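Bear in mind that the values here come from a model prediction, so they are computed numbers and not experimental data. Indexing begins at 1, ligand by ligand and atom by atom, following the structure's order.
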Amino acid sequence: MKPTLTIRGFDVFRGYLDAAKQREIVGNLRSVIRTAPLFSPETRWGKKMSVQMTSAGKYGWFSDRRGYRYEEHHPNGGAWPPIPEAILRVWHEVSGLERAPDCCLLNLYRASAKMGMHQDRDEADFSWPVVSISLGDDGLFRIANEERGGKTESIWLQSGDVVVMGGKARLHHHGIDRIRSGTSTLLQNGGRINLTMRVVD
Ligand code: MD6
Ligand code: FE
């Protein structure tokens, strides 16, 4: 399968999920959130992140003043729920990999939430890609370089879009500058969900 476009090595599959698939996945996510409620992690610098998060899979991503890491348990002490089949299918289809991801991180952006420029580098082996699914309102995704600073390029990610960050792009900085409220009716309370699947070990 060919991506719709590639920017800075990020493969973008526009409208990969149709409306019915998106609704199915949102339904699955409701059960994930019931088992593993959303929380707002603190950054390393003690500032509350504007996104709410939770995870599914063997590991969940977590952050507090002790730093960024993967944990085998939700902050409430329970195991993370399994990654729903419909989400795993997207990973296998777009990555072509047999191996399943260890973590599906769910980020929820309400109207004014954003995500600062970062690298995804808490995983053991960067030869595995990260696959992302966008659901709900449009989000302005900014892509930079592996080094800090320099020129950036931005793209509006829409509900149903899938992005693969692998190969030379695996350590590029990226972030979400803002979301465009009210551009989708998929989520009952509005906002945007981004799912990222990773191999952790
Ligand atoms: C977001 N995405 O779209 C944030 N990371 O809300 C990410 O941080 C991301 O889209 C790794 C690979 C793809 C991504
Ligand atoms: Fe990321």
Contact between [X] and ligand 1, counting heavy atoms under 4.0 Å?
| X | answer |
| --- | --- |
| Met115 | no |
| Asp120 | yes |
| Asn107 | no |
| Phe10 | no |

Original post:
How about Arg8: does its CZ atom have over 12 heavy atoms from other parts shown lying under 6.0 Å from it?
Top reply: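 More than 12 within 6.0 Å, yes.
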Original post:
Are more than 12 heavy atoms from other residues, nucleotides or ligands located less than 6.0 Å from atom CZ of Arg121?
Top reply: no
Original post:
What do you reckon, does His118 have a nitrogen or oxygen under 3.5 Å from a nitrogen or oxygen of ligand 1?
Top reply: yes
Original post:
Purely on distance, is any nitrogen or oxygen of Asn194 under 3.5 Å from one on ligand 1?
Top reply: yes
Residue [X] vicinity, atoms of ligand 1 by number, heavy atom under 4.0 Å:
| X | answer |
| --- | --- |
| Tyr109 | 1 (C), 4 (C), 6 (O) |
| Thr196 | 5 (N), 9 (C), 14 (C) |
| Ile176 | 1 (C), 3 (O), 4 (C), 6 (O) |
| Met165 | 11 (C), 12 (C) |

Original post:
Under 3.5 Å, is there a donor-acceptor pair linking the side chains of Asp11 and Thr6?
Top reply: yes
**OP:** Check the side chains of Tyr70 and Asp201 for a donor-acceptor pair under 3.5 angstrom, ignoring hydrogens and angles.
**Re:** no
Original post:
Is a donor on one side and an acceptor on the other found under 3.5 Å between the side chain of Asn28 and the backbone of Pro84?
Top reply: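 No; zero donor-acceptor contacts below 3.5 Å.
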**OP:** Kindly say whether Leu171 contributes a backbone atom to a donor-acceptor pair with the side chain of Gln119 at under 3.5 angstrom?
**Re:**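 Such a contact is found between Gln119 side chain and Leu171 backbone.
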Original post:
Got a salt bridge between Glu153 and Lys151, using NZ or NE/NH1/NH2 to carboxylate O under 4.0 Å?
Top reply: no
Considering heavy atoms of the protein only, find what lies nearest to [atom] and give residue, atom and distance to 0.1 Å.
| atom | result |
| --- | --- |
| atom 12 (C) of ligand 1 | Val130 CG1, 3.4 Å |
| atom 3 (O) of ligand 1 | Arg192 NH2, 3.0 Å |
| atom 13 (C) of ligand 1 | Ser132 CB, 3.6 Å |
| atom 5 (N) of ligand 1 | His174 NE2, 2.9 Å |

**OP:** Using the ring pair (Phe, Tyr, Trp, His ring centres under 6.0 Å) rule, take His173 and His118 through it: C-alpha gap first, then chi angles, then the decisive distance, then the call.
**Re:** CA-CA 5 Å; His173 286 79; His118 66 276; 8.4 Å; no
Original post:
Taking all non-hydrogen atoms of both residues, which atom of Thr54 and which atom of Ala36 are closest, and how far apart?
Top reply: OG1-O, 2.8 Å
Original post:
When you look at Phe39 and Gln52, which way does the side chain to side chain contact (heavy atoms under 4.5 Å, CB included) test go after all the steps?
Top reply: CA-CA 5 Å; Phe39 56 92; Gln52 293 177 278; over 6 Å; no
Original post:
the Fe ion (ligand 2) as vertex, arms to NE2 of His118 and OD1 of Asp120: angle to 10°?
Top reply: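 Rounding to the nearest 10 degrees gives 80°.
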